Amino acid sequence: MEEFVLRKMNVRNGSPVQYFWDKKNAEESSVNALIGKEVALRFRGKIICEGCGKVSRKSFSQGYCYP
């Protein structure tokens with residue numbers, strides 16, 4: 001099982017459109033091969049702020065902390 005911090009999905013226009021998981025501190029991964037398949041994600045209970053890197057109880061605006 002791979003573990004990573006997941007960010008907003010990236011999309012590239014084309015034919016077909018390409019979808020990528022943006023994994024913080026790692027290479028993005030293509031999601032197109034998973035279309036139509038069952039995928040399981042597990043939330044580990046940690047929200048990490050995109051701006052300051054602190055662990056937060058809630059976030060807003062695509063991953064920033066809400067002090």
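These figures come from a predicted structure and were not determined experimentally.
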Residues in salt bridge (charged side-chain N to carboxylate O under 4.0 Å, His left out) contact with R57, at least two apart in sequence or another chain =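 Salt bridge (charged side-chain N to carboxylate O under 4.0 Å, His left out) check on R57 returns nothing, list empty.
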
List in chain and number order the residues that pass side chain to side chain contact (heavy atoms under 4.5 Å, CB included) with S30, two or more places apart in sequence or in another chain; answer none if no residue qualifies.
->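 Only Q18, F20, N32 meet the side chain to side chain contact (heavy atoms under 4.5 Å, CB included) criterion with S30.
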
All side chain to side chain contact (heavy atoms under 4.5 Å, CB included) counterparts of K46, not counting sequence neighbours |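 So K46 forms a side chain to side chain contact (heavy atoms under 4.5 Å, CB included) with I48, V55.
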
Pair listing, ring-ring contact (aromatic ring centres under 6.0 Å, His included) test, anchored in residues 44-65, at least two apart =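 Only F60-Y66 qualify under ring-ring contact (aromatic ring centres under 6.0 Å, His included).
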
Please name the pair of heavy atoms, one in E50 and one in Q62, separated by the smallest distance, quoted to 0.1 Å.
->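 Distance-wise, the nearest heavy atoms are CG-O, 3.7 Å.
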
With clusters built from Ile, Leu, Val, Met, Phe, Trp and Tyr whose side-chain heavy atoms come within less than 4.5 Å, directly or transitively, what are the remaining members of the cluster of F43, listed by chain and number?
->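 Traced through the cluster, F43 reaches I47.
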
SG/C65 to NZ/K58 distance, rounded to the nearest 0.5 angstrom?
->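 C65 SG to K58 NZ: 11.0 Å, rounded to 0.5 Å.
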
Say you draw a straight line from CG of L41 to CH2 of W21; how long is it, rounded to the nearest 0.5 Å?
->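 Rounded to the nearest 0.5 Å, the CG-CH2 separation comes to 5.0 Å.
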
Name all residues meeting the side-chain hydrogen bond (donor to acceptor under 3.5 Å, both in side chains) criterion together with S56; count only those two or more places apart in sequence or in a different chain, and write none if there are none.
->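 Here no residue qualifies.
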
